[in-house]
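Each ligand, and each atom within it, is numbered from 1 in the order the structure gives. Because only heavy atoms are used, hydrogens play no part in the values below, and waters and symmetry mates are left out as well, while side chains stay in.
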Amino acid sequence: MHYNLVTLSFPMPWLRGRSLPPEEQRRARLRRVLRAAVANTRYARGYDPGAERFEQIPRVDLLEFLCHPERYTVENAGARLERLHYPIGDAPRTAVIARQVDETRRVRCFSGFDAAKVPAFAPQALAAPLDALRAAPDTPALGPLRNAVIVFTGILEGPLTPEDGDRFWRRYQVPVFEQFLGFGGELLAWECEIHHGLHVREDAAYFEGGEGDRLTVSFLGNPRLPLLRLETGLTGRLVTDACPCGTASPRLVDMRRRTVRRVSSAGTMAAAAAG
Ligand SMILES: [Zn+2]
């Protein structure tokens, strides 16, 4: 009897949440983050706390955010460790470099490639930040991998370039998967085995494409950073057609870093024409 009560009472909130139509889910997420931002941060005090659409919220300039992160941060909010999202099935023995995730029997965290413990762990897959992989030697000290390389990218690191992808594939001889992280290390978008764009994790991020494919992101799953509509300095497109992998969430495709230079308007036009 006790068992029945537990099984009946647990799934219900989950089912209620899941049964909301996507538009309603999006509004609920916006309301939740907007409430946290207005109550706990300096930047959002002028916002309309009753806004119903992301488009009603002013955008935040990336440079302004980077210069004054304290205005956007909720200092005493707890952050929780995420599990590593492995792109296909269960994670094999995976070494995660320079990112804290919730460790499991097969997923272990290491501070860097030079840690003597990484080769001893004999990883079958490797997960590391883009900058660390770019700086690592092309003849890896760890033994051959069997499964995958996961590359952590983000707003500051920029997206994975085709050259990076080729280089890491030649170095490790296994498929390369990109995962785009937020400022708290939370997963915002991930590449599936089809390798055509990054699936947005809709409970963690809301991406919008704007003029000239400029990407804006709202962070929905980081309690320390209830930041809405940040200009990412990246360009890209959102596609919503069905992915053969079966995951329904929209994908970010053709993500690139937007080159920003302080030049005269004539120089800007020349740069735009050249690009
Ligand atoms: Zn897919």
- H68 and Y43: aromatic ring centres closer than 6.0 Å? no

- Determine whether the aromatic ring centres of Y72 and F183 lie less than 6.0 Å apart. no

- Query: If you leave out waters, which protein N, O or S atoms are less than 2.8 Å from the Zn ion (ligand 1)?
  - Reply: C192 SG, H199 NE2, C243 SG, C245 SG

- Query: Which residues, ordered by chain and number, are linked to V149 in its hydrophobic cluster, where ILVMFWY side chains connect at heavy-atom gaps below 4.5 Å, directly or through other members?
  - Reply: I97, F110, F113, V118, F121, L126, L130, L133, L142, L145, V151, L160, F168, W169, Y172, V174, V176

Sequence neighbours left out, cut at 3.5 Å: what donor-acceptor pairs do the side chains of residues 209-224 make with other protein atoms?
{"residue": "S218", "atom": "OG", "partner": "R229", "partner atom": "N", "Å": "2.9"}
{"residue": "N222", "atom": "OD1", "partner": "R224", "partner atom": "N", "Å": "3.0"}
{"residue": "R224", "atom": "NH1", "partner": "E75", "partner atom": "O", "Å": "2.9"}

- Message: Strictly below 4.0 Å, N to O, side chains only: are R201 and E82 in salt-bridge contact?
- Response: yes

- Message: For residues 169-195, which residue pairs pass the salt bridge (charged side-chain N to carboxylate O under 4.0 Å, His left out) check, not counting sequence neighbours?
- Response: D138-R171

